[in-house]
Amino acid sequence: MKGLHVIHFYGVGIFGLFVVYLCKIHINSKLDNFYVYVKGKGNIPTSSHTSRSHQTKPVTINDSYVYSWPKCEQNTSAANITDFSSLPGHIQDFLYYRHCRHFPMLLDVPDKCGGASQSAEVFLLLVIKSSPVNYDRREVLRKTWAEEREQNGVWIRRLFISGTMESGKEKQRLNKLLELEHREHNDILQWDFSDSFFNLTLKQILFLEWMERNCPNARFLLNGDDDVFANTDNMIQYLQGLEDNDGSKHLYAGFVFENTAPVRYTLSKYFVPVQVQESESYPPYCGGGGFLLSGYSAMVINNMSQSITLFPIDDVYMGMCLAKAGLGPVSHMGVKTIGLTIHSGNIDEHDPCYYKELLLVHRFFPAHMYLMWHRIHDPSLVCGIRNVIQNKP
Ligand SMILES: *[C@@H]1O[C@H](CO)[C@@H](O)[C@H](O)[C@H]1NC(C)=O
Ligand SMILES: *[C@@H]1O[C@H](CO)[C@@H](O)[C@H](O)[C@H]1NC(C)=O
Ligand SMILES: *[C@@H]1O[C@H](CO)[C@@H](O)[C@H](O)[C@H]1NC(C)=O
Ligand SMILES: *[C@@H]1O[C@H](CO)[C@@H](O)[C@H](O)[C@H]1NC(C)=O
Ligand SMILES: *[C@@H]1O[C@H](CO)[C@@H](O)[C@H](O)[C@H]1NC(C)=O
């Protein structure tokens, strides 16, 4: 329900604030009994620049599992659903393809985490949903908060997850663009499905499956959009400060929505008709603009997802998967709603001191992102605000 994340303050339309509340619950489970579900796959290519276009053919027969899934056919019986013909086109489309969970991979980085067995070395994996057209956002993220680096003694790694655009010439052009970026930066996972709003859940579950294969022991993930400002320095500090900071306990932290229900208003972007979900309530979930997950919780979602029908709103679906495992987001007031207090007309909404203290803010234009990242790192910046990211209940 991304539209709800954006809280505009005193009429500054483009500069909505998204403030992260932190929430966590503990359950006693260990990361070391992860089950790596490989579905009959053999060796995966380990070259660091593996993309389909660089390979004349798949390296082993079983790589075709990942790189050339057969086309998933539409379920024509979906048209028998009551009042199907009166539903908006994108919903009809969703229902026709709801059963499709696998698409061929076009770009892959199987060794992003140094191989599955080394993946515990990755402390924070940034998993950023990005449509092929968002070149400028990816470029600025690579230079700012999503830069791969060692921060406070631990590693941050970055992946953009993408589908494809439309069809024909434009699709080819954009695929070529992603391929060029990938060749230079080695940071894109792309699958051959249409990168639409109602396919975001698909993108998420394809990523989780990739993670299970290639990066099962990453400690934490930041999963979010390519237009958020994430203070990854603060995230590392927050995550390192957790009592259990090895990713083996449940953590699902973000802006929590509770007691929400499907939007039944046809013209809304979030419209979900009863033909897609009858129930009048959603489980609690973290807004999809940006949330933190432990490696453990990511694997729980992946496991639960196998038996939960796809639901088009991706952040709600994450909540559904965790709810099935008896888990959810629990508010943890480690972060105050500091941004929300910015409404006394004389405060500058571009003041870096606000962003220095937050974990994540929705939504930023690339130029603002670049500027703000530099301003919060300016050694001469003096801020009087107390540190709000400490993990204190
Ligand atoms: C591919 O996977 C299948 C099913 O797991 C297995 O029987 C077969 O031997 C594998 N082939 C190769 C070439 O690894
Ligand atoms: C549902 O659709 C299929 C394929 O279009 C059709 O063959 C079948 O008769 C329909 N079933 C019902 C119950 O209407
Ligand atoms: C196709 O759609 C019908 C009607 O919604 C549904 O009952 C059936 O399970 C679907 N088939 C698959 C393979 O998902
Ligand atoms: C999701 O992607 C598939 C494959 O490209 C496409 O057939 C389907 O229409 C898309 N669904 C939606 C709701 O956009
Ligand atoms: C996922 O499922 C596998 C197989 O059912 C199980 O062994 C593993 O413990 C599960 N992992 C999590 C994190 O739930």
Side-chain angles (χ1 to χ4, degrees), residues 27-39 69-85 87-106 129 131-132 161-168 170-171 174-175 190-206 208-209 211-213 215-219 221 246-252 269-278 293-314 317 321-327:
I27 56 172
N28 298 319
S29 252
K30 281 272 176 281
L31 196 71
D32 53 20
N33 55 12
F34 272 137
Y35 167 68
V36 183
Y37 177 70
V38 196
K39 283 190 184 149
W69 269 91
K71 190 173 179 325
C72 180
E73 298 298 336
Q74 76 171 29
N75 175 5
T76 48
S77 324
N80 297 353
I81 295 169
T82 319
D83 292 333
F84 183 81
S85 59
L87 296 171
H90 66 287
I91 302 219
Q92 294 188 356
D93 225 23
F94 172 76
L95 290 165
Y96 275 136
Y97 293 98
R98 189 177 203 171
H99 60 290
C100 300
R101 286 173 170 254
H102 294 283
F103 289 89
M105 237 183 148
L106 301 178
K129 293 171 269 182
S131 293
I161 54 176
S162 201
T164 59
M165 284 324 264
E166 320 292 327
S167 55
E170 185 63 0
K171 173 172 172 175
L174 287 165
N175 283 358
Q190 187 192 20
W191 291 268
D192 195 5
F193 66 87
S194 149
D195 198 319
S196 62
F197 180 61
F198 265 30
N199 264 344
L200 281 177
T201 302
L202 188 57
K203 189 183 267 195
Q204 294 281 32
I205 64 157
L206 284 165
L208 290 168
E209 218 174 69
M211 181 180 169
E212 190 181 47
R213 275 197 313 276
C215 193
N217 300 316
R219 308 297 179 156
L221 309 181
D246 65 355
S248 66
K249 298 290 191 305
H250 176 56
L251 178 79
Y252 176 40
K269 179 182 180 190
Y270 303 99
F271 172 57
V272 169
V274 288
Q275 290 93 330
V276 171
Q277 179 179 311
E278 275 184 55
L293 273 182
S294 63
Y296 170 80
S297 304
M299 290 299 103
V300 170
I301 296 175
N302 186 50
N303 273 7
M304 294 302 137
S305 152
Q306 312 297 327
S307 56
I308 303 182
T309 312
L310 293 191
F311 182 76
I313 317 267
D314 64 320
Y317 187 76
C321 291
L322 285 165
K324 184 163 184 184
L327 302 173

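For ligands, and for the atoms within them, numbers begin at 1 and follow the listed sequence. The analysis underlying the following values was restricted to heavy atoms, covering all of them including side chains, and did not include hydrogens, waters or symmetry mates.
Within a 4.0 Å radius of atom 2 (O) of ligand 3, the protein has at least one heavy atom.
The distance criterion of under 3.5 Å between nitrogen or oxygen atoms is not met by His90 with respect to ligand 4. Distances between N or O atoms of Asn75 and those of ligand 3 include at least one value under 3.5 Å. Checked against a 3.5 angstrom limit, the closest N/O atoms of Asp192 and ligand 4 fall outside it. By the 3.5 Å distance cut-off applied to N or O atoms, Tyr97 is not counted among the residues near ligand 4.
Ring pair Phe103/Phe193 is tilted by interplanar angle, where 30° to 60° counts as tilted.
Asp195 has a carboxylate O that lies under 4.0 Å from a charged side-chain N of Lys203, or vice versa, which qualifies the two as a salt bridge.
Scanning all protein heavy atoms for the shortest distance to atom 10 (C) of ligand 4 gives Asn199 ND2, 2.6 Å. For atom 14 (O) of ligand 3, the closest non-hydrogen atom on the protein side is His99 CB, 3.4 Å. Looking only at heavy atoms of the protein, atom 9 (O) of ligand 4 is closest to Asp93 OD2, 2.6 Å.
Note that SG of Cys72 and OH of Tyr97 are 8.0 Å apart. Values are rounded to the nearest 0.5 Å. Rounding to the nearest 0.5 angstrom, the gap separating the CG atom in Asn199 from the NE2 atom in His90 is 11.0 Å.
With hydrogens and angles disregarded, a donor-acceptor distance shorter than 3.5 Å links the side chain of Tyr317 to the backbone of Ile308.
Selection from Asn302, Val300, Asn303, Ile301 by nearest heavy atom to atom 11 (N) of ligand 5 gives Asn303.
Asp93 and Gln74 share no donor-acceptor pair across their side chains, judged by distance under 3.5 Å alone.
Less than 6.0 angstrom separates the ring centroid of Phe84 from the ring centroid of Tyr96.
Contacts between Ile81 and ligand 3 below 4.0 angstrom, taking non-hydrogen atoms only, involve the side chain exclusively.
Within the structure, the closest approach of Phe103 to ligand 4 falls below 4.0 Å when heavy atoms are considered.
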